[in-house]
Amino acid sequence: MLYSNKSWFAVSFFLLCMLIFPLSLGSSEGLLKKTAVSSIWICVLFANLISLESLFKDDYQSGILLQYKINKIPFSIIVATKLISHWTFTGFPIIFLSPIFLVFLSGSFNDIFGLFFSLLFGTPLFSLIGMPIAALTLGASTRGPLLIFLSIPFFLPIIIFGVLSVGSFNSGTYSEYYLLCAILSISIVILPYITIKILQESLK
Amino acid sequence: MLRYLHKYANPVRFLSIARPMRKAMGLLSLFIILVGLVFALFFSPPDYQQKETVRIMYIHVPAAWMSLMIYAFISFSSIVFLVWKFPLFLILAKESVTVGVIFTFSALFTGSLWGKPTWGTYWVWDARLTSFLILFFIYLGLKLIKESFSHSSKGDYAFAYLALIGGFNLPIIKFSVDWWNTLHQPASIIRTGGVSISNEMLIPLFLMATGFLFLFIYILLVSVEINLKKRKMGYSKDKIIN
Amino acid sequence: MSKKYLLKVKNLSCERNYKIIFKKLSFILFPGNIILVDGENGAGKTSLLLCVADVLDYTGNILVKNGIDNLGYVGHKNALFENETIFDFFAFWKNIYNYTKNYQDVLEYFNLIDFIETPISLLSFGQKKKLSFARLIMMNSKIWLLDEPISGLDEKTKQIILKIIKKHLSQGGGVLATSHQNLNYFDINKTTRVKID
């Protein structure tokens with residue numbers, strides 16, 4: 001829902017995180033310049049972790065998910081819409097905001113396109129990998145912290161390839177982009193299916 | 001295969017086999033580890049570069065092997081549970097987690113102890129160490145999710161699916177860390193173990209590895225037996241499998 | 001006679017949380033009839049409804065009359081998006097159920113017409129329950145599964161909901177309901193009691 005401020009929370013959080021890096025690293029330009037791309041990726045990670053919690057929570061707790069199941073609305077549609085909307089409100093705005101923030105963090109202009117493309121392939125992966133984990137923690141006590149703890153290890157490859165790909169864009173090798181695309185194409189086939197299975201199990 | 005599994009997936013039948021096996025495994029592991037330790041500490045030669053510190057390897061390497069093997073076992077059992085719904089395999093997977101955490105931790109701990117004399121520092125962001133640290137965190141995640149469901153059957157599925165996703169993701173994580181490491185080669189030169197290893201070192205290494213394996217099977221059988229007995233007595237009504 | 005059933009349950013057993021909840025339950029729901037499921041707290045009344053709705057795993061047979069592909073369900077949780085208004089609620093579920101008639105009548109019946117722009121989170125418990133029933137009406141299903149439909153409601157709301165159920169029965173629908181309270185409101189010849197222990 002566009003008008004509920006919850007959906008913009010992730011992006012706002014992304015902007016807020018941006019503040020931490022200059023303040024904690026000091027405003028020396030050399031250090032900021034070196035860490036600009038990594039900082040943006042870390043903020044993307046934070047924004048995704050924060051927004052994952054509310055992905056299925058309301059539907060599960062209010063019983064709407066059960067209502068969907070009883071009314072035989074296919075879970076594939078629900079998972080697909082959840083995925084798309086999660087990406088539109090966390091991944092998509094960040095992709096377009098990140099070049100601006102690269103400048104704020106005094107990153108080099110050469111990295112703008114590299115960063116843009118790495119986020120373009122990386123952010124859907126965040127949503128995809130986070131989805132089954134968000135689904136399987138439904139009904140757990142202390143769900144929020146648990147969800148963050150469980151998802152970070154699985155997000156690591158994306159951060160590694162994402163940060164490295166920016167460098168490879170400038171050298172013209174693009175190998176990490178291919179790897180990101182490979183992981184993306186595997187994940188998009190398998191993970192939604194697993195999420196559907198987990199969601200159905202969570203109602204039992 | 002399926003019928004065979006069905007036959008032995010029955011908890012009662014499992015117990016009838018497990019009980020005599022458990023004692024044998026306990027004694028065997030004790031014996032083999034003792035013999036292995038004697039070989040490792042007294043009969044194997046010191047390394048010509050690392051001197052006596054190489055003896056840490058006899059704990060470190062088998063522990064690392066075990067933690068990987070146990071993860072593979074957990075993933076396999078979880079898949080069997082998800083596909084054929086044998087609760088026994090879930091109990092097996094769940095009870096292995098704690099042992100896995102301990103083995104992974106000891107591999108990391110002995111590794112960093114070994115690192116001080118050889119690399120001059122307790123921790124290096126080397127590919128193998130980093131991916132083991134990640135494995136450790138995934139193990140911790142499994143342990144956390146195991147304990148955070150009051151509704152047990154729901155928690156069982158969450159656990160099994162997490163183990164499954166982790167099983168598929170581990171190779172990707174390992175690969176990505178290797179990739180990252182080759183680009184950020186650290187300054188210190190890391191000796192790759194296992195290339196020029198002599199027979200005198202291999203024998204205690206394998207003795208220790210088999211000893212650890214039997215130890216794992218022993219602990220697993222004991223904890224599964226406890227779990228099944230609890231279940232039979234039914235005194236933990238809601239947390240039957242925990 | 002046997003062809004007229006809406007729902008036929010035979011030897012239904014359900015296991016949840018590695019515990020057997022109920023065993024070999026059999027009953028038949030005929031058009032115009034109501035089945036009241038009785039039992040202690042935690043005996044598995046909700047589980048029975050969820051088994052019939054094909055959410056939980058069960059063994060045994062559940063036959064639903066041909067042509068009924070959707071079951072109506074009102075549970076403990078009202079399944080409402082809390083930050084939406086009633087208008088959004090109707091707009092959303094109308095599309096899902098292909099409800100073509102004007103929903104103003106439903107709103108009027110439940111006395112909700114004045115609240116159409118109110119966020120659902122501000123509604124009272126009884127009003128939320130009424131909204132769940134409004135959805136049930138839009139769904140237009142022959143079989144209703146009601147989990148404690150009138151518990152915790154005031155007398156006026158209770159009457160409204162009982163009237164709705166009665167109307168549904170008179171139109172040839174069937175109801176499978178769990179309730180703590182004695183639902184003596186319905187015709188005794190058309191009421192079956194199923195006990196779970």
Side-chain angles (χ1 to χ4, degrees), chain A residues 38 60 125 128-165 167-168 171 173 175-176 178-180 182-184 186-187 189-191 193-204, chain B residues 71 78-79 81-83 85 90 104 125 127 130-185 238-239 242:
Chain A
S38 319
Y60 177 77
L125 266 171
L128 269 171
I129 295 176
M131 226 172 29
I133 299 172
L136 57 81
T137 46
L138 287 173
S141 55
T142 62
R143 175 165 180 262
L146 182 69
L147 183 54
I148 291 175
F149 195 93
L150 295 182
S151 26
I152 288 181
F154 297 122
F155 283 164
L156 286 176
I158 303 155
I159 297 211
I160 291 173
F161 291 136
V163 172
L164 291 179
S165 61
S168 82
S171 60
T173 46
S175 41
E176 282 89 2
Y178 300 141
L179 286 169
L180 276 178
I183 301 175
L184 182 62
I186 298 169
S187 305
V189 176
I190 298 172
L191 291 177
Y193 178 72
I194 293 182
T195 313
I196 294 168
K197 286 275 175 203
I198 296 171
L199 279 182
Q200 278 169 347
E201 212 54 60
S202 77
L203 294 174
K204 286 180 183 168
Chain B
Y71 199 89
S78 300
I79 292 171
F81 169 70
L82 288 175
V83 175
K85 317 245 174 238
L90 186 88
T104 319
W125 288 99
T130 313
S131 42
F132 252 84
L133 193 63
I134 299 170
L135 178 69
F136 180 64
F137 282 120
I138 292 178
Y139 263 124
L140 279 188
L142 277 177
K143 197 164 164 47
L144 277 179
I145 203 163
K146 194 175 81 141
E147 283 153 8
S148 60
F149 278 89
S150 54
H151 185 302
S152 63
S153 75
K154 204 179 277 179
D156 290 347
Y157 277 92
F159 174 88
Y161 275 112
L162 185 68
L164 176 77
I165 299 169
F168 284 119
N169 258 298
L170 268 182
I172 298 176
I173 294 173
K174 175 88 177 88
F175 175 71
S176 71
V177 171
D178 282 347
W179 185 278
W180 162 79
N181 191 243
T182 48
L183 291 177
H184 293 257
Q185 192 67 49
D238 291 316
K239 291 191 162 186
N242 191 8

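To find a chain, count down the sequence lines: A is the first, B the second, and so on, and within it residues start at 1.
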Novice: Within the 4.5 Å heavy-atom criterion, are B/W125 and B/L133 side-chain neighbours or not?
Specialist: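 They are in contact (side-chain heavy atoms under 4.5 Å apart), so the answer is yes.
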Novice: If we define contacts as heavy-atom pairs under 4.5 Å, which of A/A135, A/G167, A/S141, A/P132 has the most with chain B?
Specialist: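 Highest number of pairs under 4.5 Å: A/S141.
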Novice: Kindly indicate whether the side chain of B/W179, heavy atoms from C-beta on, has any atom under 4.5 Å from the side chain of A/F161.
Specialist: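 A side-chain contact exists here, since the closest heavy-atom pair is under 4.5 Å.
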Novice: Out of A/I194, A/L191, A/L138, A/L179, return the one with the most heavy atom pairs under 4.5 angstrom to chain B.
Specialist: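 Highest number of pairs under 4.5 Å: A/L179.
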Novice: Charged N to carboxylate O below 4.0 Å: is that the case for A/K197 and A/E201?
Specialist: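 Salt bridge absent between A/K197 and A/E201.
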Novice: Name the one of B/F136, B/F168, B/Y139 that satisfies ring pair (Phe, Tyr, Trp, His ring centres under 6.0 Å) with B/Y71?
Specialist: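 That would be B/Y139; it is the only one of B/F136, B/F168, B/Y139 passing the ring pair (Phe, Tyr, Trp, His ring centres under 6.0 Å) with B/Y71.
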Novice: Answer with side chain, backbone, both or neither: which region of A/I183 has an atom nearer than 4.5 Å to a non-hydrogen atom of chain B?
Specialist: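 Just its side chain gets close to chain B.
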Novice: Picking from B/L144, B/L142, B/L170, B/I134, which has the most non-hydrogen pairs under 4.5 angstrom with chain A?
Specialist: B/L144
Novice: Relative to chain A, which segment of B/L140 carries a heavy atom at a distance below 4.5 Å: side chain, backbone, both, or neither?
Specialist: both
Novice: Taking the side chain as every heavy atom from C-beta outward, state whether B/Y161 and B/L82 have any pair of such atoms under 4.5 Å apart.
Specialist: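 When only atoms from C-beta onward are counted, B/L82 and B/Y161 do touch, with a gap below 4.5 Å.
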